[in-house]
Amino acid sequence: MIHSMTAFARTECKHTWGSAVWEIRSVNQRFLETYIRLPEQFRSLEPTIREKLRKKLQRGKLECQLRFTANDANTGELQLNQALANQLIEAASYVQEKANQCQLSATDILKWPGVLNSEDADIDQMSKDIMANLDIAINQFLDARLAEGNNLKAMIEQRLQGISEEAQKVRGHMPTVMEWQKQKITQRFEEAKIELESTRVEQELVLLAQKLDVAEELDRLESHVSETQKILKKGGAVGRRLDFMMQEFNREANTLGSKSINTDITQSAVELKVLIEQMREQIQNIE
């Protein structure tokens, strides 16, 4: 199976403690690069989340974000630390008595860290629920990458078929090209009134045929088509291998274009370059 590096998934879960929304998005990247954004109370989950993603993905620039909204109705009763409050009052009274410049109000005392606390919801249960929802989000994310990967695979296979067709066109033109070149050489000899033995003409044609022969390039193009189809069929993280194949395709297309002496072959060489570039652009998104 072929997976794209471009995808998005969003899931939401609601419980008595509140609601949590996971969003996972990714774009193409040479290596796996993850950014995890969590509320402070769930920061301890980051190593576990990172490991989950690492096991499922190999390439891509990925952002995983959790949005958390607590249910105020589920918040525990407020608890007053009376001992600490009394100490603050005594300290404030002492300072006021000595300097008459510093005074703490009741609001200031209640705001003091540790004086007023509320019972937190069961953080372990919340984390368990949120991580279960993350598994759902990851599965949806992978499904989206697979669906996009299948689209890319179909597009690449279509372009491979186009390359095979252009290669066959060039093969079909070659006998006509060689015959045309033979007539052109003979005509030039006749115009120059040079009498040559048939063996000399044949030697010239052999040298010309070797110079213009593109059979090797066409064979390699067809071999690259076959190899690329095998890679697509095998699936997995094949983006780098496919990118290498595009370099090989380009090499043969460039050589074919440099040997072209016929407008039809030149057009085929240009079309090959277009097809290869279209594949290369899409392969950049394959894991």
Side-chain angles (χ1 to χ4, degrees), residues 1-72 74-75 113 118 120-156 231-232 234-247 277-287:
M1 295 183 291
I2 301 296
H3 292 82
S4 170
M5 286 188 284
T6 304
F8 173 79
R10 183 182 187 276
T11 60
E12 181 179 5
C13 64
K14 294 183 178 181
H15 293 272
T16 55
W17 44 257
S19 65
V21 176
W22 283 106
E23 287 188 358
I24 308 176
R25 68 187 77 229
S26 69
V27 294
N28 59 326
Q29 178 81 345
R30 187 175 180 184
F31 303 104
L32 179 62
E33 186 176 344
T34 57
Y35 296 90
I36 300 174
R37 307 180 189 278
L38 302 171
E40 191 60 36
Q41 62 266 47
F42 299 107
R43 186 66 61 186
S44 61
L45 299 177
E46 182 171 343
T48 303
I49 296 171
R50 194 174 299 277
E51 182 64 17
K52 279 180 176 288
L53 296 173
R54 188 189 66 80
K55 288 182 178 180
K56 299 288 187 178
L57 308 168
Q58 297 192 40
R59 296 179 66 198
K61 183 177 181 180
L62 183 143
E63 179 180 330
C64 180
Q65 182 173 6
L66 172 65
R67 292 190 175 92
F68 172 75
T69 303
N71 184 359
D72 294 335
N74 194 49
T75 304
S118 63
D120 292 331
D122 188 348
I123 191 68
D124 291 337
Q125 183 59 46
M126 292 166 59
S127 299
K128 184 178 179 180
D129 295 337
I130 287 173
M131 292 301 289
N133 191 246
L134 174 61
D135 291 334
I136 297 174
I138 291 176
N139 289 334
Q140 291 184 5
F141 179 71
L142 293 176
D143 289 342
R145 284 167 64 105
L146 177 60
E148 180 63 18
N150 288 333
N151 292 335
L152 294 176
K153 179 182 177 182
M155 188 281 296
I156 293 171
I231 294 173
L232 291 173
K234 181 180 179 181
V238 296
R240 290 191 181 94
R241 292 189 64 187
L242 290 173
D243 191 54
F244 171 76
M245 293 304 303
M246 295 307 103
Q247 298 177 32
E277 180 60 22
Q278 289 175 346
M279 286 194 298
R280 191 195 65 79
E281 290 177 356
Q282 298 303 323
I283 284 171
Q284 301 305 309
N285 291 321
I286 293 180
E287 184 179 40

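Positions are given from 1 along the sequence. Just so you know, these numbers come straight off a predicted model, no measurement behind them.
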Side chains of residues 144-152: which donor-acceptor pairs under 3.5 Å do they make with residues two or more places apart or in other chains?
residue	atom	partner	partner atom	Å
Arg145	NE	Ser4	O	3.2
Arg145	NH1	Ser26	OG	3.4
Arg145	NH2	Glu287	OE2	3.0
Asn150	ND2	Leu146	O	3.4
Asn151	ND2	Ala147	O	3.4

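- Every residue two or more places apart in sequence or in another chain was checked for a side-chain hydrogen bond (donor to acceptor under 3.5 Å, both in side chains) with Arg59, and none qualifies.
- For Glu51, the side-chain hydrogen bond (donor to acceptor under 3.5 Å, both in side chains) test picks out Arg54, with sequence neighbours left out.
- No side-chain heavy atom of Val21 sits under 4.5 Å from any side-chain heavy atom of Gln65.
- Residues forming a salt bridge (charged side-chain N to carboxylate O under 4.0 Å, His left out) with Arg241 (at least two apart in sequence, or on another chain): Glu227.
- The OG atom of Ser127 lies 12.0 Å from the CG atom of Leu134; values are rounded to the nearest 0.5 Å.
- A 4.5 Å side-chain heavy-atom check between Ile286 and Ile156 finds at least one atom pair inside the cut-off.
- Open room surrounds CE on Met1; 12 or fewer heavy atoms of other groups in view lie less than 6.0 Å from it.
- Looking only at side-chain heavy atoms (C-beta outward), Leu142 and Leu57 come within less than 4.5 Å of each other.
- Atom CE of Met126 sits about 14.5 Å away from atom NZ of Lys128, to the nearest 0.5 Å.
- Annotation for Arg30: atom CZ does not count as buried by contact number, only 12 or fewer foreign heavy atoms lying within 6.0 Å.
- Residue pairs meeting the salt bridge (Lys or Arg N to Asp or Glu O under 4.0 Å) criterion with at least one member in residues 3-28, sequence neighbours excluded, are Arg10-Glu23, Glu23-Arg25, Glu23-Arg67.
- Residue pairs satisfying the ring-ring contact (aromatic ring centres under 6.0 Å, His included) criterion with at least one member in residues 125-144, sequence neighbours excluded, are absent.
- In Arg37, the CZ atom is not crowded: 12 or fewer heavy atoms of neighbouring residues, nucleotides or ligands sit closer than 6.0 Å.
- A side chain to side chain contact (heavy atoms under 4.5 Å, CB included) with Trp22 is found for one member of Ile130, Ile136, Ile138 and no other, namely Ile130.
- We find the CG-CZ distance between Leu32 and Arg50 to be 9.0 Å, quoted to the nearest 0.5 Å.
- When the side-chain hydrogen bond (donor to acceptor under 3.5 Å, both in side chains) test is applied to Asn133, the partners found at least two apart in sequence or on another chain are Thr11.
- Residue pairs meeting the salt bridge (Lys or Arg N to Asp or Glu O under 4.0 Å) criterion with at least one partner in residues 131-142, sequence neighbours excluded, are Lys52-Asp135.
- By the side-chain hydrogen bond (donor to acceptor under 3.5 Å, both in side chains) test, Gln29 is found to be paired with Glu33, residues two or more places apart in sequence or in another chain being considered.
- Scanning for ring pair (Phe, Tyr, Trp, His ring centres under 6.0 Å) contacts around Phe244 gives an empty result, with sequence neighbours left out.
- Residues forming a side chain to side chain contact (heavy atoms under 4.5 Å, CB included) with Asp243 (at least two apart in sequence, or on another chain): Gln247, Arg280, Ile283, Gln284.
- Listed by first then second residue, pairs satisfying ring-ring contact (aromatic ring centres under 6.0 Å, His included) with a partner in residues 30-66 read Phe42-Phe68, not counting sequence neighbours.
- In this structure, Thr34 and Cys64 have side chains that are not in contact, with every pair of non-hydrogen atoms separated by 4.5 Å or more.
- For the pair Asn28 (side chain) and Met5 (backbone), a donor-acceptor distance under 3.5 Å is absent.
- In this structure, CD1 in Ile49 is found 9.0 Å from CD1 in Ile24, a value given to the nearest 0.5 Å.
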